[in-house]
**Q** 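Sharing a structure, written as structure tokens. Questions coming.
The chains referred to below are lettered A, B, ... by the order of the sequence lines, with proteins before strands, and numbering in each begins at 1. Heavy-atom basis, side chains included; hydrogens, waters and symmetry copies ignored.
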Protein chains: 2
Amino acid sequence: MDREPEETDDVRRNAGRGRALDSLDRKILGALSEDATRSYADLSKEVGLSAPAVHERVKRLRATGVIKRTSADLHGPSLGKDFLAFVHVEAAGWGKTEGIMALGELPEVEEVHAVTGDTGLILKVRMDCPEAMEGFLWRLYDMPGVRGTRTYVVLSTHLERGVQAGITPDLSQGDNLK
Amino acid sequence: MDREPEETDDVRRNAGRGRALDSLDRKILGALSEDATRSYADLSKEVGLSAPAVHERVKRLRATGVIKRTSADLHGPSLGKDFLAFVHVEAAGWGKTEGIMALGELPEVEEVHAVTGDTGLILKVRMDCPEAMEGFLWRLYDMPGVRGTRTYVVLSTHLERGVQAGITPDLSQGDNLK
DNA sequence: ATATCAACAGAACTTCATTCGGGGAATATG
DNA sequence: CATATTCCCCGAATGAAGTTCTGTTGATAT
């Protein structure tokens, strides 16, 4: 009888429940977030486990959603996208407008966040030129509920990476109160 | 005489010079940016090439820097990072302060951009709790040149992805002028 | 004290990545 | 116009890696 381990099919959203991440998991995650092409044999030497053991952990990390996916990180300028900007959108009703959600269909839109503050939405958009930016803003203003926008054009990017596995303990404790 | 194609060592920013990306490259890039674990045999069926041909193209895309790297995308909350925020920093002198560049050492800091507008810097930071955010801001204010900050706490993220291979032609032309 | 379960290592197996040799189309050269 | 040259592709072969299987160990629960 083959039991399928996946068939939970239930509430899987709070990933990593039932098994907290130990230091080995974090080590693996840190390594894979920097270079996901490394072999399990290679990783096994770094974390002190056998290749199958690492494989099993990675499999679990994927299944539980800790590793959302493995992706190739592309170079914007090489694709003709030299123009990066953050657009703060002042929305009337409130976020989640059907039109605003449809922004995700544009490959130029990389991030959409609902935020606190005077603006309700922050967009990260990357395109080829200022003219495209203009076209994008027009499209934005045509949407119902968009009252205004504030655009911050990126002059240079000094750091850009995904979620990091590490944390800085000092931040949430200790010497905050000087 | 082996000529090393890399030894330009100069201005490499416009990677992919000498060979424009064709539609097959874009198809491959689009696929790999969504799932970099797909096999070449699999990709070959999608783009209509043989596996070695796809491999060769990917190899070149890596070598020329179009594919910056392949990474595992991690799930923040699973790692205990439930708190995402954009921090606009009003810097006195101007960007690239040694201290600000050192922010990259904190795994909580995911992005650092120099931008136009009243603020000179936009930071994307992800941490475990508001207390950590507080600690981070304190650390920020201790830096020379930091005049003020404005923090936008992310309430919900509707879209978050890397550079997309596709483009929307309409944006930079045509019906912009309504 | 015994049964149960989770995690790991070593070996076997399978699939994939990678290299090699050759062919064809387009471009450059005489 | 004919002939090299170059680039890009394919099919086959090789090697390395991913993946599965089985037994063992240690811890926990009965």
**Q** Shoot me the first and last contacting nucleotide of DNA chain D against chain B, ordered 5' to 3', at under 4.0 angstrom to non-hydrogen atoms.
**A** dC8(D) to dA12(D)
**Q** Under the rule for salt bridge (charged side-chain N to carboxylate O under 4.0 Å, His left out), what residues qualify as partners of Glu46(B), not counting sequence neighbours?
**A** Arg38(B)
**Q** Near DNA chain C, counting only heavy atoms under 4.0 Å, which residues of residues 52-61 of chain A show up?
**A** Pro52(A), Ala53(A), Arg57(A), Arg60(A)
**Q** Is a donor from one side chain sitting under 3.5 angstrom from an acceptor on the other, for Arg62(B) and Thr70(B)?
**A** yes
**Q** According to side chain to side chain contact (heavy atoms under 4.5 Å, CB included), who are the partners of Asp73(B), at least two apart in sequence or on a separate chain?
**A** Lys68(A), Arg69(A), Ser71(A), Ser71(B)
**Q** I'd like to check the side chain to side chain contact (heavy atoms under 4.5 Å, CB included) partners of Leu137(A); sequence neighbours left out, ordered by chain and number.
**A** Val87(A), Met133(A), Leu140(A), Thr149(A), Thr151(A)
**Q** Which residue pairs pass the ring-ring contact (aromatic ring centres under 6.0 Å, His included) test when at least one of the two sits in residues 38-69 of chain A, sequence neighbours left out?
**A** Tyr40(A)-His55(A)
**Q** For Arg57(A), give me all partners under salt bridge (charged side-chain N to carboxylate O under 4.0 Å, His left out), at least two apart in sequence or on another chain.
**A** Asp22(A), Asp25(A)
**Q** Output all residues satisfying salt bridge (charged side-chain N to carboxylate O under 4.0 Å, His left out) with Glu160(A), sequence neighbours left out; order by chain, then residue number.
**A** Lys124(A), Arg126(A)
**Q** Once side chain to side chain contact (heavy atoms under 4.5 Å, CB included) is applied, do any residues pair with Leu106(B), and if so which ones, sequence neighbours excluded?
**A** Thr168(A), Leu103(B), Glu108(B), Val109(B), Phe136(B), Arg139(B)
**Q** Are any non-hydrogen side-chain atoms of Leu159(A) and Glu110(B) less than 4.5 angstrom apart?
**A** no
**Q** Do His113(B) and His88(B) make the cut of ring centroids closer than 6.0 angstrom?
**A** no
**Q** Please report the end-to-end axis angle for the helix from dT14(C)-dA17(D) to dG30(C)-dC1(D), five pairs per end, rounded to 10 degrees.
**A** 10°
**Q** Is the closest side-chain heavy-atom distance between Ser172(A) and Cys129(B) below 4.5 Å?
**A** yes
**Q** Only counting residues at least two apart or in another chain, list the ones meeting side chain to side chain contact (heavy atoms under 4.5 Å, CB included) with Pro77(B).
**A** His75(B), Asp82(B)
**Q** Within residues 28-44 of chain A, which residues have any heavy atom lying less than 4.0 Å from an atom of DNA chain C?
**A** none
